[in-house]
Amino acid sequence: MSAIKPSIPKGTRDFLPEKMYKRQQVIGTIKDTFEKYGYAPLETPSIEKLKVLSGKYGDEGEKLLFKVLKRGTGLENLLKEENEFVVSEYDQLVEEALRYDLTVPLSRVVAMYQNELTMPFKRYQIQPVWRADRPQKGRYREFYQCDIDTVGTESMLADAESLAIVDEILRKLGFTKFVIRLNNRKLLNGILEYSEISGDQSVSAMIAIDKMDKIGLDGVRKELEGRSISAQSISKLLSVMEFTGTSEETFSFLSKTCGANVSVQTGISELDEIANYTESLGMPQDSYKIDLYLVRGLGYYTGPIYESVVEEPKIGSLTGGGRYDKLIGMFSGNDIPATGTAFGIERIIDVMEQLEMFEDIKTKTKVLVTIFDGDSIADSLAFAAELRKAGIATECFPEAVKMKKQLSYTNKKGIPFCILIGPDEIAKHEVSVKSMDSGEQTTLSRSDAVSFLLKNSMG
RNA sequence: GUGGGCGUAGCUCAACUGGUAGAGCUCCAGGUUGUGGUCUUGGUGGUUGGGGGUUCAAGUCCCCUCGCUCACCCCA
């Protein structure tokens, strides 16, 4: 038998049980919090029409779409030499693609089911998404996203709630050193207008600004120069961007310098509103900071934007989101405002592993019932059933092999207790309970054993 | 798409300037036929990613190719 060398596609992973327990723990915490705030679950198909996805993620994002080859294109015939295969239209080859994020599918859903959904529509969605980029640390081709979004309200209260939820979840998971960077696309646009940067140049400038945390202020300056933005604009832009201070100080500085610009003014008041609401919601005010350098992609954001980052280990953002008031309109024809945030659970888990924030769970089984020999199978199975009836996670070894082997299994699986039922126990209608931790073993009546295990294996 | 690093047992890795492929862990069996985790003895396990070249001789040098990985771009 010559085996195929087993492997999985790059950027994908298998999640073995020990890892799944960690993932479930994180996802469970996130889901519980979402529901506590009134968000309802939604799932959408893995594949979407290419038309739905394309044009939403910018040029770079477009390249990263996993496209699905249409059936019956005749492309297979390319393998036959005599066949000449010509495609005149791209969509002859592809009409579907794998979901790239959860926001665009949501927008599609809202547009499709407008009359069925009660607005404002608050939903959460936890599903895998796919991106065809080169994997690297903290970056995969298939990964899960957890999104919450509020659709149908322009209120900054919805944005503030997103921030509060991010803060609450990160804390619940055990993060202490994180910060939510907060900015506003309107504010950014206004600052660029003030700096007399417009059109293609403003997109270009935003890319440069976004690199701040990687290349520093001088690096940004060089980037801007390299992108042929006038010296005058650069100095005007950086004179604003350079400012550091508290939220209030930043707001008043911006009002003073470029507050005449309408976008700047709107941006500031939106952020100011958010700040007030988060405070009322009881969110610690040092959890976030205004960060004028935050840009967040170039797709569909129109208002407040935010992402949360940890200082160590060095990895991209853990969560990210913002307001996108125009996206749904691309499907529905009329604009429907929306805001929301995505949790990068892969990164959250990676970081939690690196910081050793998990308690290791090897199994959830509390008791293993051994099988002494062929004659005792019925007794073992019956007692296992009794334990399960009492709510104790119990497994029965599936073969009447040597005790040594059954105990070794129990030990390796990390199951805390095992039950031995041999001829002696059966005769007296008893069972022996062995603690794998201490090695202590006692023989009890069956009902005593159940209550003993109930007491010692819970919690 | 661009640039670096690395591919040897299931896993982690050795093998001096080319000279008979090795160790630890895992796994299996025994020491202990009703008892794990420690200890101890033995055993299984390889076309050195693949192909070609140089050489008396290649894991080692050269070329090609595939794969993994890190960084850039971009992003969760």
Side-chain angles (χ1 to χ4, degrees), chain A residues 2-3 5-13 16 57-65 99-103 126-147 166 203 206-208 210-211 213-215 219 223 294-299 306-310 314-322 341-351 362 368 370-373 375-376 380 397 400-426 431-441 443:
Chain A
S2 81
K5 197 179 175 186
S7 63
I8 56 175
K10 74 172 66 165
T12 66
R13 293 150 301 158
L16 298 185
Y57 304 112
D59 290 342
E60 294 292 336
E62 193 82 16
K63 290 181 202 154
L64 301 182
L65 287 175
R99 166 172 74 220
Y100 179 92
D101 71 357
L102 302 179
T103 305
I126 304 174
Q127 286 191 277
V129 302
W130 293 269
R131 297 186 188 178
D133 63 354
R134 288 253 182 108
Q136 48 188 281
K137 194 191 288 279
R139 216 163 163 190
Y140 309 95
R141 287 188 149 190
E142 177 185 64
F143 61 97
Y144 276 73
Q145 278 196 338
C146 291
D147 275 29
V166 167
V203 174
M206 279 204 255
I207 294 172
D210 196 34
K211 294 183 180 174
D213 53 341
K214 264 186 186 162
I215 59 179
E223 273 284 322
L294 178 67
V295 176
R296 288 206 54 72
L298 298 160
Y306 35 85
E307 68 178 34
S308 58
V309 290
V310 282
K314 242 184 125 51
I315 196 164
S317 54
L318 298 183
T319 75
T341 195
F343 287 73
I345 65 162
E346 311 295 352
R347 284 187 184 169
I348 290 174
I349 290 165
D350 283 353
V351 171
K362 288 171 83 175
L368 180 127
T370 60
I371 295 183
F372 184 76
D373 58 21
D375 295 334
S376 71
S380 289
F397 202 84
V401 293
K402 277 189 267 194
M403 247 345 107
K404 183 187 175 93
K405 191 153 188 173
Q406 301 189 44
L407 284 171
S408 171
Y409 170 86
T410 311
N411 186 55
K412 263 184 277 187
K413 283 274 301 259
I415 300 170
F417 292 96
C418 77
I419 299 294
L420 296 100
I421 308 179
D424 299 348
E425 286 86 356
I426 291 172
V431 299
S432 292
V433 181
K434 182 182 173 78
S435 159
M436 297 306 286
D437 206 31
S438 65
E440 277 172 41
Q441 186 172 326
T443 303

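Because only heavy atoms are used, hydrogens play no part in the values below, and waters and symmetry mates are left out as well, while side chains stay in. Model, not experiment: these values are computed from the prediction. Quick note on labels: first sequence line is chain A, next is B, and so on, each numbered from 1.
Using a 4.0 Å heavy-atom distance criterion, A:F343 is classed as making no nucleic acid contact. A:T410 comes within 4.0 angstrom of nothing in the nucleic acid, heavy atoms only. No contact: A:K63 has no heavy atom under 4.0 Å from any strand. Counting non-hydrogen atoms under 4.0 angstrom, A:E440 reaches nothing in the nucleic acid. Within the 4.0 angstrom heavy-atom criterion, base atoms lie near A:G138. Across all strands, A:K211 comes closer than 4.0 Å only to sugar-phosphate atoms, never to a base (heavy-atom distances). A:D437 comes within 4.0 angstrom of a nucleotide base, judged by non-hydrogen atoms across all strands.
Comparing B:C25 with B:C68, their C1' atoms are spaced 23 Å from each other, to the whole Å. Remark: the separation of the P atoms in B:A9 and B:C13 is 11 Å, to the nearest Å. As rounded to the nearest Å, B:C27 and B:C16 have P atoms that lie 31 Å from one another. For the C1' atoms, the distance from B:U48 to B:U20 is 15 Å, rounded to whole Å. One P atom belongs to B:A29, the other to B:G37, and the distance between them is 13 Å to the nearest Å. Using P as the reference atom, B:A14 and B:G24 are 16 Å apart when rounded to the nearest Å. Between B:U44 and B:G10, the distance separating the two C1' atoms is 12 Å to the nearest Å. For the C1' atoms, the distance from B:C75 to B:A23 is 43 Å, rounded to whole Å.
In this structure, A:D424 places its CG atom 14 Å from C1' of B:U35, rounding to the nearest Å. Taking atom CG of A:L407 as the reference point, atom C1' of B:U35 lies 5 Å away to the nearest angstrom. Atom CD in A:E60 sits about 14 Å away from atom P in B:U2, given to the nearest Å. Here B:G34 presents its C1' atom at 15 Å from CD1 of A:I419, a figure rounded to the nearest Å. Computed from coordinates, the A:M436 CE to B:U35 C1' distance equals 8 Å when rounded to whole Å. For the pair A:R131 CZ and B:G1 P, the interatomic distance rounds to 19 Å; values are reported in whole Å. One interatomic measurement links the two molecules: NZ of A:K434 to C1' of B:G36, which rounds to 7 Å at whole-angstrom precision. For A:I371 and B:U35, the CD1 to P distance is 16 Å, given to the nearest whole Å.
Panel note: side chain A:S435, backbone A:E440; no donor-acceptor pair is recorded below 3.5 Å. Between the side chain of A:R99 and the backbone N or O of A:W130 there is no donor-acceptor pair closer than 3.5 Å. At distances below 3.5 Å, not a single donor-acceptor pair connects side-chain atoms of A:R141 with backbone N or O atoms of A:T12. A donor-acceptor pair under 3.5 Å links the side-chain atoms of A:E346 to the main chain of A:Y144, judged by distance alone. Side-chain atoms of A:K362 come within 3.5 Å of backbone atoms of A:K412 as a donor-acceptor pair (strictly under, hydrogens ignored). Between the side chain of A:S376 and the main chain of A:I371, no donor-acceptor pair closer than 3.5 Å is present.
On a pure distance criterion of 3.5 Å, no polar donor-acceptor pair joins the side chain of A:Q441 and the base of B:G34. Counting distance only, with no hydrogens placed and no angle test, the side-chain atoms of A:N411 and the base atoms of B:G36 include a donor-acceptor pair under 3.5 Å. Side-chain atoms of A:R134 and base atoms of B:U69 include no donor and acceptor less than 3.5 Å apart.
Using a 5.5 Å limit on the distance between ring centres and a 30° limit on the angle between planes, the aromatic ring of A:F143 counts as stacked on the six-membered base ring of B:A76.
The phosphate of B:U35 (OP1 or OP2) has no side-chain N or O of A:K405 nearer than 4.0 angstrom. Residue A:Q136 has no polar side-chain atom (N or O) positioned under 4.0 Å from OP1 or OP2 of B:C70.
Between A:F397 and A:Y409, the two ring planes are perpendicular [angle over 60°; tilted spans 30° to 60°].
Annotated stems with RNA chain B as a participant read B:1-7 with B:66-72, B:10-13 with B:22-25, B:27-31 with B:39-43, B:49-53 with B:61-65, given as range with range, by first number; only runs of 3 or more Watson-Crick or G-U pairs under 3.5 Å qualify.
When each of B:U35, B:G36, B:A76 is scored by its nearest atom to the side-chain atoms of A:E346, the top-ranked nucleotide is B:A76. Comparing B:G36, B:C75, B:A76 against the side chain of A:S408 picks out B:G36 as the nearest.
Considering only heavy atoms from C-beta on, A:Y57 comes within 4.5 Å of A:D101 through its side chain. Side-chain contact between A:L368 and A:M436: absent, with no pair of heavy atoms (C-beta onward) separated by less than 4.5 Å. Residues A:D147 and A:T341 fail the side-chain proximity criterion, which asks for heavy atoms closer than 4.5 Å.
Taking OG1 of A:T103 as the reference point, atom CD of A:Q145 lies at 7.0 Å (rounded to 0.5 Å). Atom OG of A:S380 sits about 9.5 Å away from atom CD of A:E425, to the nearest 0.5 Å.
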Contacts under 3.5 Å, N or O only, protein and nucleotides 30-32 of chain B:
residue : atom : partner : partner atom : Å
B:G30   : OP1  : A:K402  : NZ           : 3.0
B:G30   : OP2  : A:K402  : NZ           : 2.8

